[in-house]
Amino acid sequence: KGTTREQRALKYLKEHARQGDPDSVLETFDEFCRTQEWAMNAAEEKGDILDEIVRELQPTTCLELGTYCGYSAVRIARNLSPSARLITIEVNPDYAAVAREVVKLAGLQDKIEVINLDSADVIRELKTKYDVTKLDLVFLDHWKYLYIRDIKLIEEEKLLKKGSVVFADNVIIPGAPGYLEYIRGSKNYKSTFYSVHFEYMDDMKDGVEKSVYIGDE
Ligand SMILES: Oc1cc(-c2ccc(F)cc2)cc2nccnc12
Ligand SMILES: [Mg+2]
């Protein structure tokens with residue numbers, strides 16, 4: 001075929017979504033995933049919970065680990081206030097390239113910065129290089145073994161403040177070994193588990209975990 005699934009998804013979005021309309025981009029991406037090819041978007045029930053968190057928290061600075069094609073980046077950014085922004089990190093260059101196009105298609109390039117690097121390297125430089133003081137929202141959606149590595153790094157960098165929310169996808173499928181016991185065992189977080197359907201699969205269950213930081217600044 002010569003094209004990747006991600007490139008085929010982007011082509012479909014360009015042909016069927018309304019330029020500059022985030023809702024249209026998300027609806028069209030969901031349609032693609034339900035009618036053409038499955039893709040690992042934090043969609044449907046997962047996306048609804050993410051929307052709720054963003055609307056309630058009204059975060060100013062958001063960090064997403066694992067951009068993939070930019071679906072959840074658009075989902076988060078469409079609900080952000082004018083001056084708020086999202087930094088999203090994607091280590092895979094092919095995914096990052098598609099995500100930048102999807103963000104542009106949604107008209108959200110002024111709110112979303114896609115960084116094609118390893119998450120740990122960027123987290124270490126958020127304060128010095130990316131002008132971040134604190135993170136109001138962190139969305140963990142990259143590789144399961146990196147959730148615990150990166151949350152510890154985020155704590156080490158003192159990037160969280162009272163009320164910051166850490167939202168983790170896939171804590172059941174594929175699972176995030178070590179992360180759940182770490183975050184649930186920590187006195188610095190109040191965690192809530194949500195049982196949800198796996199994206200675009202009505203007969204499969206996954207889980208997401210919302211953790212509110214209550215530790216010292
Ligand atoms: O939401 C997701 C689902 C899956 C995934 C793919 C295929 C399966 F069979 C099961 C699970 C992988 C993911 N990797 C990174 C971030 N999010 C992911
Ligand atoms: Mg996921």
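Order of listing sets the numbers, starting from 1, for every ligand and every atom in it. What you are looking at is a predicted structure, and each value in this text was computed from that prediction instead of being measured.
Using a 4.0 Å cut-off between heavy atoms, I173 contacts ligand 1 through its side chain alone, with no backbone atom that close. Contacts with ligand 1 closer than 4.0 Å are made by no heavy atom of W143, backbone or side chain. Only the backbone of H142 comes within contact range of ligand 1, with a heavy atom under 4.0 Å; no side-chain atom does. Residue contacts with ligand 1 for N170 involve side-chain atoms from C-beta outward but no N, CA, C or O (heavy atoms, distance under 4.0 Å).
The existence of a salt bridge linking D23 and R75 is excluded, since no basic side-chain nitrogen approaches an acidic carboxylate oxygen closer than 4.0 Å. Salt-bridge check for R124 with E156: failed, with every basic side-chain N at 4.0 Å or more from each acidic carboxylate O. One finds a salt bridge joining D51 and R78 here, because a Lys/Arg side-chain nitrogen approaches an Asp/Glu carboxylate oxygen to under 4.0 Å. Note on E157 versus K127: no salt bridge recorded, every NZ/NE/NH1/NH2 to OD/OE distance being 4.0 Å or above. A salt bridge is defined here as a Lys NZ or Arg NE, NH1 or NH2 lying under 4.0 Å from an Asp or Glu carboxylate O, and R85 with D136 fails to meet this definition.
Each of the following atoms of ligand 1 lies closer than 4.0 Å to a heavy atom of E199: 1 (O), 2 (C), 3 (C). Using a 4.0 Å cut-off to heavy atoms of W38, the atoms of ligand 1 that qualify are 6 (C).
Counted by atom type alone, H197 and D203 present zero donor-acceptor pairs between their side chains at under 3.5 Å.
Scanning all protein heavy atoms for the shortest distance to atom 13 (C) of ligand 1 gives M40 SD, 3.4 Å. Distance from atom 16 (C) of ligand 1 to its nearest protein heavy atom, with residue and atom name: D141 O, 3.0 Å. Looking at atom 5 (C) of ligand 1, its nearest protein heavy atom turns out to be F198 CZ, 3.8 Å.
Within the 4.0 Å heavy-atom cutoff, Y68 does not count among the residues contacting ligand 1.
Remark: atom 1 (O) of ligand 1 lies closer than 4.0 Å to at least one protein heavy atom.
Among the atoms of D169, an N, O or S atom falls under 2.8 Å of the Mg ion (ligand 2). Among the atoms of S72, no N, O or S atom falls under 2.8 Å of the Mg ion (ligand 2).
Rounded to 10°, the angle formed at the Mg ion (ligand 2) by OD1 of N170 and OD1 of D141 is 90°.
Ring orientation note: the planes of F198 and W38 are close to parallel, at an angle under 30° on the 30°/60° scale. Below 30°, between 30° and 60°, or above 60°: for Y147 and H142 the angle between ring planes is below 30°, a parallel geometry.
In this structure, K152 satisfies the cation-pi test against Y182, with its NZ or CZ atom closer than 6.0 Å to the six-membered ring centre and inside 45 degrees of the ring normal.
By the 3.5 Å distance cut-off applied to N or O atoms, D169 is counted among the residues near ligand 1.
Using modelled atom types, one side-chain atom of K134 and one backbone atom of K158 make a donor-acceptor pair closer than 3.5 Å.
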